[in-house]
Amino acid sequence: MSRYIFVTGGVVSSIGKGIFSAALGALLKTHGLTVNAIKLDPYLNIDPGTMNPYQHGEVFVTRDGAETDLDIGHYERFLGISLTRNNSCTAGQIYETVLQKERDGYYQGKTVQVIPHVTDEICARIVQDDNNSDITIVEIGGTIGDIESLPFLEAIRQLRIRKGSAHTLFAHVTFVPFITPANELKTKPSQHSVKEMRSIGLQPDILICRSQNEINIETRRKIALFTNVDEQAVFSLPDADNIYSIPLQLHKQDVSTFIATQFDLSLPQADMQQWQKTVALIKEPTSTVDIALIGKYTDLVDAYISVNQALQHAGIHSAVRVRIHHIEAEVIEQQGVSLLQSMNAILIPGGFGERGVEGKIVAVHYARENNLPFLGICLGMQIAVIEFARNVVGLTQAASTEFAPDSQYPVIALLEEWRDMDGKMQQRTDRTPVGGTMRLGEQACHLKHGSKIQSIYNREMINERHRHRYEVNNRYVEQLTESGLQFSGWSDDEESLAEVIEITDHQWFIGCQFHPEFTSTVQRGHPLFNGFVNAAIEARNGQ
């Protein structure tokens with residue numbers, strides 16, 4: 001039976017519950033424990049797949065095709081495991097299930113209520129993989145005091161009663177602000193946050209106090225006194241230079257020892273060598289490379305968090321600091337390519353919609369004409385195909401039907417029929433509801449023998465995760481190929497969808513329809529990002 005650590009947050013949003021949960025899981029793994037992680041989100045969307053990135057940040061896709069919160073990505077990167085749709089749950093999913101059960105007569109005429117029916121469904125989601133790990137970390141989204149979080153908080157209160165204190169632990173992440181005029185840390189917000197928890201029947205077992213700087217022992221004792229938490233269970237978690245040092249911060253304070261005592265576990269000594277080595281590599285790069293990330297949500301870094309992290313992972317493995325320049329595509333439309341002239345490489349990530357497309361096309365043209373390393377992911381690959389069709393093949397009005405439904409040369413078009421990862425035929429039209437209807441999840445791809453992409457992966461069959469609705473139009477493949485665009489990756493089905501493009505007489509020019517950033521970890525990096533960063537280093541060195 002798994003032991004459960006329930007992570008809540010207080011005072012302010014974006015306090016870092018997801019990073020803490022992931023880092024805590026990583027620390028517990030160093031003791032030889034198996035760790036699972038679940039994110040509970042209180043919003044009524046079925047999943048974040050239809051949300052604007054400015055509202056929610058990145059949508060992370062699991063191997064089985066679930067569109068999830070970006071914290072699932074943190075869990076995978078820190079824990080080095082592959083999660084599924086069972087690791088992500090929203091209030092929308094819970095209510096949808098409960099209402100469908102009511103329509104099906106499951107409740108046998110009872111009045112359907114938040115308690116017990118909604119909370120029972122939440123509890124069932126939490127414990128569905130009860131026997132598959134030693135520890136399950138359950139992060140509850142939102143902030144204590146939010147009305148939409150109450151059913152989830154009530155559910156974990158009930159689980160505490162069912163499983164007992166030896167199998168459950170409440171970890172509350174709170175904020176301790178420093179008031180500059182008073183030159184003082186203020187504990188009152190944390191006191192009120194815990195008071196709010198206690199009013200609904202939850203007493204924290206440990207407090208993780210977030211702050212700009214280290215919190216001294218006197219302040220932690222004061223917090224313990226006013227929150228009824230053991231002094232030894234109040235931990236300081238100041239801002240970190242890099243997130244991968246957080247497992248070391250937690251280890252230094254013996255967080256896992258306190259948890260082991262709570263759970264009556266005997267833990268072997270932690271093996272922190274891997275994390276120490278990682279942090280050392282981050283702190284001691286030999287040089288710097290500059291990479292332009294051309295997007296449309298660049299004001300919110302979380303919109304491209306997996307791409308950012310994958311680039312950083314590659315930098316760690318190449319002993320360089322990757323300096324990422326987030327450039328709005330619309331700025332390139334207005335100002336031209338001047339911002340790109342000092343870059344060592346250009347990356348265009350995934351995205352949706354017409355805004356910024358022409359600026360991205362200009363950026364691709366600049367990379368191709370100037371022999372600058374280029375990586376296009378999903379929409380980035382499609383933009384590269386459009387640019388090549390316009391400026392090399394001569395199809396000057398080439399476009400995607402996503403932006404130009406009546407395009408004379410629709411080199412990118414709506415994917416209307418394909419087989420999913422279970423082998424089932426899927427069909428879509430431009431009138432299909434947008435939620436959850438894309439080509440999603442891990443799918444196989446054949447790489448052409450002797451191609452650059454095949455040499456990067458060092459194998460001819462790969463599996464990568466997808467999230468897109470539009471594809472290269474096969475009617476134009478022959479024409480594009482004859483003009484020098486190589487299609488070096490194809491889907492593993494009879495429909496043969498283009499997965500990878502490259503230009504062979506270019507230093508390093510690759511576009512992929514899948515999202516390699518979702519499987520990059522700090523321990524391994526990802527071969528495609530590793531190759532891209534190495535190409536940027538060579539470009540910087542003039543090789």
Side-chain angles (χ1 to χ4, degrees), residues 291 307 310-311 314 317-318 345-350 364-365 367-389 391-393 411-412 415 418 439 442-466 468 470-520 524-539 543:
I291 294 178
V307 173
L311 288 170
H317 290 274
S318 297
I346 293 174
L347 186 151
I348 298 181
V364 173
H365 182 77
R368 184 176 58 79
E369 288 286 300
N370 290 276
N371 203 33
L372 199 64
F374 170 80
L375 175 59
I377 298 173
C378 196
L379 176 63
M381 167 182 153
Q382 296 171 9
I383 294 294
V385 171
I386 293 170
E387 190 279 329
F388 194 91
N391 298 316
V392 178
V393 182
V411 292
I412 306 296
L415 175 63
W418 78 97
R439 187 177 168 206
E442 186 177 275
Q443 296 182 30
C445 170
H446 287 285
L447 303 181
K448 184 178 179 180
H449 180 74
S451 63
K452 182 179 286 290
I453 191 75
Q454 188 267 324
S455 68
I456 289 170
Y457 278 91
N458 197 28
R459 59 183 191 267
E460 294 184 14
M461 176 70 79
I462 61 172
N463 290 279
E464 293 282 9
R465 301 181 193 181
H466 293 70
H468 59 99
Y470 291 81
E471 299 274 358
V472 173
N473 189 338
N474 283 349
R475 288 166 43 201
Y476 293 92
V477 167
E478 183 177 355
Q479 195 172 1
L480 290 162
T481 302
E482 289 174 351
S483 296
L485 189 66
Q486 182 181 11
F487 289 84
S488 52
W490 292 91
S491 62
D492 185 34
D493 54 41
E494 65 243 34
E495 286 79 30
S496 292
L497 303 169
E499 294 273 21
V500 183
I501 62 163
E502 55 187 73
I503 298 177
T504 53
D505 60 357
H506 191 283
Q507 178 186 353
W508 207 99
F509 191 106
I510 291 176
C512 57
Q513 188 62 78
F514 46 79
H515 287 266
E517 69 271 23
F518 291 147
T519 51
S520 177
R524 300 187 306 272
H526 187 285
L528 196 48
F529 282 93
N530 293 345
F532 178 58
V533 168
N534 284 332
I537 295 171
E538 292 178 1
Q543 298 177 6

Please name the pair of heavy atoms, one in [X] and one in [Y], separated by the smallest distance, quoted to 0.1 Å.
X: Ala444; Y: Met461; answer: CB-SD, 3.8 Å
X: Ala539; Y: Pro373; answer: CB-CD, 3.7 Å
X: Asn530; Y: Gly525; answer: OD1-CA, 4.2 Å
X: Ile346; Y: Phe532; answer: O-CZ, 3.5 Å
X: Ala314; Y: Val533; answer: CB-CG2, 3.5 Å
X: Ala310; Y: Ser520; answer: CA-OG, 3.6 Å

Tyr457/His526 aromatic ring centres below 6.0 Å =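 That pair passes the under 6.0 Å test.
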Is there side-chain contact between [X] and [Y], with at least one heavy-atom pair below 4.5 Å?
X: Leu379; Y: Pro349; value: no
X: Leu311; Y: Leu347; value: yes
X: Gln454; Y: Lys448; value: no
X: Phe388; Y: Ile503; value: yes
X: Thr504; Y: Lys452; value: no
X: Phe374; Y: Arg368; value: no

Criterion side-chain contact (heavy atoms from CB on, under 4.5 Å) against Phe514, the qualifying member of Val500, Thr519, Ile377 |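 Considering Val500, Thr519, Ile377, a side-chain contact (heavy atoms from CB on, under 4.5 Å) with Phe514 is found only for Val500.
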Donor-acceptor contact present, side-chain His506 to main-chain Ala367, <3.5 Å |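 Looks like yes, one N/O pair under 3.5 Å.
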Side chain Asn474, main chain Ser496, donor-acceptor under 3.5 Å =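 Yes, the answer is positive, given that a donor and an acceptor are paired below the 3.5 Å cut-off.
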Set of residues satisfying side-chain hydrogen bond (donor to acceptor under 3.5 Å, both in side chains) with respect to Glu517, sequence neighbours excluded |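 For Glu517 the side-chain hydrogen bond (donor to acceptor under 3.5 Å, both in side chains) partners, ignoring immediate neighbours, are His515.
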With Asn391 via side-chain hydrogen bond (donor to acceptor under 3.5 Å, both in side chains) - residues at least two apart =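 For Asn391 the side-chain hydrogen bond (donor to acceptor under 3.5 Å, both in side chains) partners, ignoring immediate neighbours, are His365, Glu387.
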Got a second to check how far [X]'s [atom1] is from [Y]'s [atom2], nearest 0.5 Å?
X: Ile537; Y: Ser318; atom1: CD1; atom2: OG; result: 4.5 Å
X: Leu497; Y: His466; atom1: CG; atom2: NE2; result: 8.5 Å
X: Ile453; Y: Ile510; atom1: CD1; atom2: CD1; result: 4.5 Å
X: Leu447; Y: Ile462; atom1: CG; atom2: CD1; result: 4.5 Å

With sequence neighbours left out, what residues match Glu499 under salt bridge (Lys or Arg N to Asp or Glu O under 4.0 Å)?
->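 Applying salt bridge (Lys or Arg N to Asp or Glu O under 4.0 Å) to Glu499 gives Arg439.
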Of all residues at least two apart in sequence or in a different chain, which pass the side chain to side chain contact (heavy atoms under 4.5 Å, CB included) check with Asn473?
->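 Only Pro410, Ala413, Arg475, Tyr476 meet the side chain to side chain contact (heavy atoms under 4.5 Å, CB included) criterion with Asn473.
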Mind jotting down which residue pairs meet the side chain to side chain donor-acceptor pair (under 3.5 Å) criterion with at least one end in residues 371-386? Sequence neighbours excluded, please.
->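 Sorted pair list: Gln382-Gln513.
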Atom pairs and distances, donor-acceptor, side-chain atoms in residues 480-489, under 3.5 Å, two or more places apart:
{"from": "Thr481", "atom 1": "OG1", "to": "Val477", "atom 2": "O", "distance (Å)": "2.7"}
{"from": "Ser483", "atom 1": "OG", "to": "Gln479", "atom 2": "O", "distance (Å)": "3.3"}
{"from": "Ser488", "atom 1": "OG", "to": "Glu502", "atom 2": "OE1", "distance (Å)": "2.9"}

